[in-house]
Amino acid sequence: MTVSAEQRRVRFAPSPTGYLHIGGARTVLFNWLLAQKTGGKFILRIEDTDRSRHVEDSVGKILADLRWLGLNWDEGPEAGGDVGPYFQSKRLDIYQKFTDRLLESGQAYYAMESAEELASAREKSRAEKRDFKYPRPSPLPTIDEGRAARESGQAVPVRFKMPDEDIVIQDDVLGEVRLSASDVEDFIIQKHDGWPTYHFACVVDDELMGITDVLRGQEHLSNTPKHVALQNALGFRTPRYAHLPIIFNSDGSKMSKRDKEKAIAKGLAPPEIDVHDFRVAGYAPEALLNFISLLGWSPGGDREQLSIEETVDLFTVDRIGTANARFDRDKLIAFNTDWVAKIPSDRLVTLLRDFSQVNDLSMAAADDATLARLLECCKGFRTFRDVQSKTGFLFVDDADIAFDPKAVKKVLAKNDGAGFAMLEHLRRNFKKLDPWDEAGIEQLIASLCAEHDVKMGAIAQPIRVAVTGSTISPPIHDTLILLGRERTLRRIDRAIEHGAAEAA
RNA sequence: GGCCCCAUCGUCUAGUGGUUUAGGACACCGGCUUUUCAUGCCGGCAACACGGGUUCGAAUCCCGUUGGGGUCACCA
């Protein structure tokens with residue numbers, strides 16, 4: 001009999017509590033990378049066993065985030081597959097079957113204490129500075145006693161009888177990790193309402209879905225002995241494990257969704273935490289992916305900026321690091337800047353359109369050619385947010401331009417209104433300029449520079465403030481051509497009126 | 001606190017006993033380019049946590065200390 005090379009099957013199993021977290025995205029990426037590299041399958045499974053934490057439509061959001069990143073799944077929601085359903089809430093009968101098996105073999109038992117009793121026992125231990133470990137009852141309640149209790153309305157969960165022997169894990173990243181089983185209590189595998197806990201559902205599904213490799217965050221390391229013990233009790237295989245370093249904020253704190261609320265409360269810009277935040281902030285998914293691939297992994301040598309194809313090619317689990325990493329947004333910005341400079345125009349247009357749509361900008365209505373032109377004029381931009389702040393003035397009505405007081409003061413009002421005076425000259429000359437094109441505008445400005453013996457800035461800046469309300473815009477000739485003669489003139493008039501009103 | 005994991009520039013990391021005056025990138029500092037904002041270019045600063053071993057030789061191996069992190073739910 002020939003032995004075919006085992007096909008690797010990996011999974012990402014989010015719980016539907018909101019958008020995809022950036023740390024989760026890194027976990028997805030590594031799993032996806034392993035599947036791509038080995039010709040294996042990447043499975044998406046939804047761990048929705050906690051109805052109280054369920055957030056409306058978060059599955060849709062997670063799928064959208066994954067799609068935006070370009071990380072497709074072979075099996076799972078909207079993809080189907082032979083070992084579904086891929087929502088744990090639809091697999092309750094399966095978990096029940098395995099729970100019964102454990103109950104009947106005496107490897108699990110109904111635990112009769114109430115949650116309140118346990119909570120107070122834990123509290124008491126804490127007060128006395130003792131560790132609390134659930135005391136296994138002796139004798140164990142029988143199955144009949146447990147069922148009878150449940151039928152009478154008592155909230156009775158099922159606990160796993162944790163075996164005595166130590167558990168040794170061969171981790172592909174950390175190496176051998178030995179844990180003492182005596183440190184692990186008889187944990188709950190089925191809640192009182194009959195739903196499985198995470199540990200149990202996870203172990204059952206990984207087996208039934210044929211998962212060969214589990215790549216997950218290091219925060220799960222201490223769960224692993226529970227999972228292995230369960231696998232042994234159920235007669236399941238143990239998959240290969242690889243625990244990934246954890247990603248922290250640049251100050252070393254945990255990157256949590258709460259950081260956003262805290263920043264907003266302090267009046268600061270909320271940090272990007274979820275994948276969706278980075279999408280809204282104007283990053284390109286290829287840059288984000290490249291950046292997070294380097295958090296806990298390295299291709300070796302001096303290589304950093306890699307396409308996803310190169311990353312797949314270079315990826316190996318044994319190059320995953322052991323030390324936790326911090327997320328440095330400045331470096332991400334630098335990566336993004338480099339990436340958008342080399343992404344082809346049509347792809348850039350797609351990304352800019354997506355950016356303007358998720359931000360609900362009026363720019364979203366512009367056609368592809370316009371967007372491409374905008375991108376061209378903003379060369380050197382770092383994120384799509386830069387493109388927005390530089391060209392947003394085009395999508396505002398002439399009458400709605402808001403003048404930045406600082407800019408007006410510095411560029412127009414200073415030196416007895418030299419800027420305003422220049423605007424008057426400009427207005428007359430722009431009216432007769434024909435044709436209205438780059439060469440004409442440049443020539444006109446150059447001759448004005450010579451005529452008034454001033455530098456380019458003395459002319460370009462007043463125009464910029466007049467037509468955009470700010471000192472930020474594309475090069476001045478691009479700005480004017482994009483706007484057109486009529487709108488330029490209207491805006492200059494309005495700026496002059498604005499100045500007169502201020503002076504009065 | 002118990003158990004477990006980790007430890008190279010401020011940050012991400014390269015480095016797997018000699019090729020290392022420890023390399024790259026970001027940040028930072030200085031300079032240049034520039035009509036704004038960016039971009040770009042040039043240069044600079046900057047690390048093997050500490051203490052013991054092992055070895056002819058250690059950032060690389062072992063032990064300890066210190067420091068950081070994770071985890072101890074009817075959450076996942």
Side-chain angles (χ1 to χ4, degrees), chain A residues 13-17 47-50 52-53 88 111 114-115 118-119 122 126 129-134 155-159 169 171 173-175 177-180 182-185 187-193 195-199 201-202 217-225 243 245-246 248 250-252 254 291 294-305 321-335 337-338 341 378-382 386-387 389-390 407 411 442 445 449 455-465 468 470-477 479:
Chain A
S15 121
T17 55
E47 308 218 322
D48 52 350
T49 56
D50 184 352
S52 66
R53 288 215 315 167
Q88 291 187 328
S114 71
L118 276 173
R122 279 201 191 90
R126 187 171 12 206
K129 294 193 190 297
R130 283 186 295 109
D131 286 330
F132 180 82
K133 184 181 165 193
Y134 175 81
V156 178
V158 176
R159 283 181 187 267
I169 300 152
D171 190 281
V173 169
L174 300 174
V177 181
R178 172 175 263 100
L179 295 131
S180 167
S182 59
D183 293 328
V184 183
E185 65 177 19
F187 57 96
I188 291 175
I189 58 173
Q190 188 187 66
K191 305 173 198 174
H192 72 88
D193 61 4
W195 285 58
T197 56
Y198 156 72
H199 302 296
C202 175
Q218 236 174 65
E219 67 271 18
H220 283 288
L221 183 60
S222 54
N223 288 330
T224 312
H243 287 92
I246 303 175
F248 293 101
S250 49
D251 65 1
K254 208 167 176 178
F291 181 73
L294 266 14
L295 259 24
W297 175 81
S298 159
D302 291 343
R303 302 198 65 186
E304 273 201 329
Q305 296 194 8
T322 49
N324 292 158
R326 297 182 184 208
F327 193 97
D328 180 0
R329 286 183 182 72
D330 287 331
K331 186 153 180 171
L332 205 216
I333 290 175
F335 264 56
T337 306
D338 289 344
C378 290
K379 274 213 154 88
F381 69 94
R382 299 174 315 219
D386 285 353
V387 177
S389 54
K390 230 168 172 174
V411 176
E442 276 188 346
I445 293 178
C449 280
K455 288 191 177 166
M456 188 79 96
I459 295 177
Q461 285 301 78
I463 303 175
R464 203 172 332 255
V465 174
T468 71
S470 79
T471 56
I472 301 170
S473 90
I476 204 65
H477 55 269
T479 300

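For clarity, every value in this text was computed on a predicted model and none was experimentally measured. Just so we're on the same page: letters track the sequence lines, and every chain starts at 1.
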### Task
Classify the ring geometry between A/H220 and A/Y198 as parallel (under 30°), tilted (30 to 60°) or perpendicular (over 60°).
tilted
### Task
In whole angstrom, give the distance that lies between atom CZ of A/F335 and atom C1' of B/rC26.
8 Å
### Message
Regarding A/K331 and A/E304, does a basic nitrogen lie under 4.0 Å from an acidic carboxylate oxygen?
### Response
yes
### Message
Using a 4.0 Å heavy-atom cut-off, does A/P14 contact any base of the nucleic acid, only the sugar-phosphate backbone, or nothing at all?
### Response
nothing
### Query
If we take the C1' atom in both B/rC48 and B/rA59, what is their distance in whole Å?
4 Å
### Task
Under 4.0 Å between any heavy atoms, over every strand shown, what does A/F248 touch: base, sugar-phosphate, or nothing? Just pick one.
sugar-phosphate
### Task
Classify the nucleic acid contact of A/R122 as base, sugar-phosphate or nothing, counting any heavy atom under 4.0 Å across all strands shown.
sugar-phosphate
### Summary
To the nearest 0.5 Å, atom NZ of A/K390 lies from atom CZ of A/F381 at 9.5 Å
### Nucleotide paired to B/rC3 in any strand shown, Watson-Crick or G-U, under 3.5 Å
B/rG70
### Task
Scan A/A155 against the nucleic acid and name what it touches under 4.0 Å (heavy atoms): base, sugar-phosphate only, or nothing.
base
### Query
Base, sugar-phosphate, or nothing: which does A/T322 touch, judged by heavy atoms less than 4.0 Å apart?
sugar-phosphate
### Query
Looking only at N and O atoms, is any donor in the side chain of A/D131 or the base of B/rG1 less than 3.5 Å from an acceptor on the other one?
yes
### Task
Calculate the interatomic distance between A/W297 atom CH2 and B/rA14 atom P; express it in whole Å.
10 Å
### Polar pair under 3.5 Å, donor/acceptor by atom type, side chain A/K331, base B/rA25
yes
### Nearest-angstrom distance from the residue atom CG of A/L179 to P of B/rG70
17 Å
### Query
Which part of the nucleic acid, if any, lies within reach of A/G296 when heavy atoms closer than 4.0 Å are counted: base, sugar-phosphate only, or nothing?
sugar-phosphate
### Message
Suppose you measure atom C1' in B/rG44 against the same atom in B/rG64; what distance do you get, rounded to whole Å?
### Response
39 Å
### Query
Is there a donor on the side chain of A/R464 or the base of B/rU35 sitting less than 3.5 Å from an acceptor on the other?
yes
### Task
May I ask you to say what A/I188 touches in the nucleic acid, namely base, sugar-phosphate or nothing, with a heavy-atom cut-off under 4.0 Å?
base
### Query
Contact class for A/K390 (heavy atom, under 4.0 Å): base, sugar-phosphate, or nothing?
base
### Query
Which part of the nucleic acid does A/I463 contact within heavy-atom distance under 4.0 Å: base, sugar-phosphate only, or nothing?
nothing
### Task
Using a 4.0 Å heavy-atom cut-off across all strands, classify A/P245 as base, sugar-phosphate, or nothing.
nothing
### Task
Determine the Euclidean distance between corresponding P atoms of B/rC6 and B/rC62; express it in Å to zero decimal places.
11 Å
### Message
Suppose you measure atom C1' in B/rU39 against the same atom in B/rC5; what distance do you get, rounded to whole Å?
### Response
43 Å
#### Entry: C1' gap between B/rU20 and B/rA27, integer Å
25 Å
### Task
Assess whether one donor atom and one acceptor atom, taken from the side chain of A/Q218 and the base of B/rG70, lie less than 3.5 Å apart.
no
### Task
Drop me the distance from A/I476's CD1 to A/T468's OG1, to the nearest 0.5 angstrom.
7.5 Å
### Task
Using the side chain to side chain contact (heavy atoms under 4.5 Å, CB included) rule, take A/F132 and A/R126 through it: C-alpha gap first, then chi angles, then the decisive distance, then the call.
CA-CA 8 Å; A/F132 180 82; A/R126 187 171 12 206; over 6 Å; no
### Message
A side-chain contact here means heavy atoms from C-beta on lying under 4.5 Å apart; do A/F327 and A/F291 qualify?
### Response
yes
### Between P of B/rG1 and NZ of A/K129, the distance in whole Å
10 Å
### Query
Under a 4.5 Å cut-off applied to non-hydrogen side-chain atoms, are A/C378 and A/D386 in contact?
no
### Message
Taking only the P atom of each, what is the distance from B/rC26 to B/rU66 in whole angstrom?
### Response
38 Å
## Note on the structure
Rounded to whole Å, CG of A/D302 lies from P of B/rC12 at a distance of 18 Å
What nitrogen or oxygen pairs link the protein and nucleotides 40-44 of chain B at under 3.5 Å?
none

### Task
Using the C1' atom on both, measure B/rC74 against B/rG52 and round to a whole Å.
49 Å
### Query
P atom, B/rU16 versus B/rC28: distance in rounded Å?
32 Å
### Message
Testing the 3.5 Å rule here: is there a donor-acceptor pair between the side chains of A/R464 and A/S473?
### Response
yes
### Message
Using a 4.0 Å heavy-atom cut-off, does A/K254 contact any base of the nucleic acid, only the sugar-phosphate backbone, or nothing at all?
### Response
sugar-phosphate
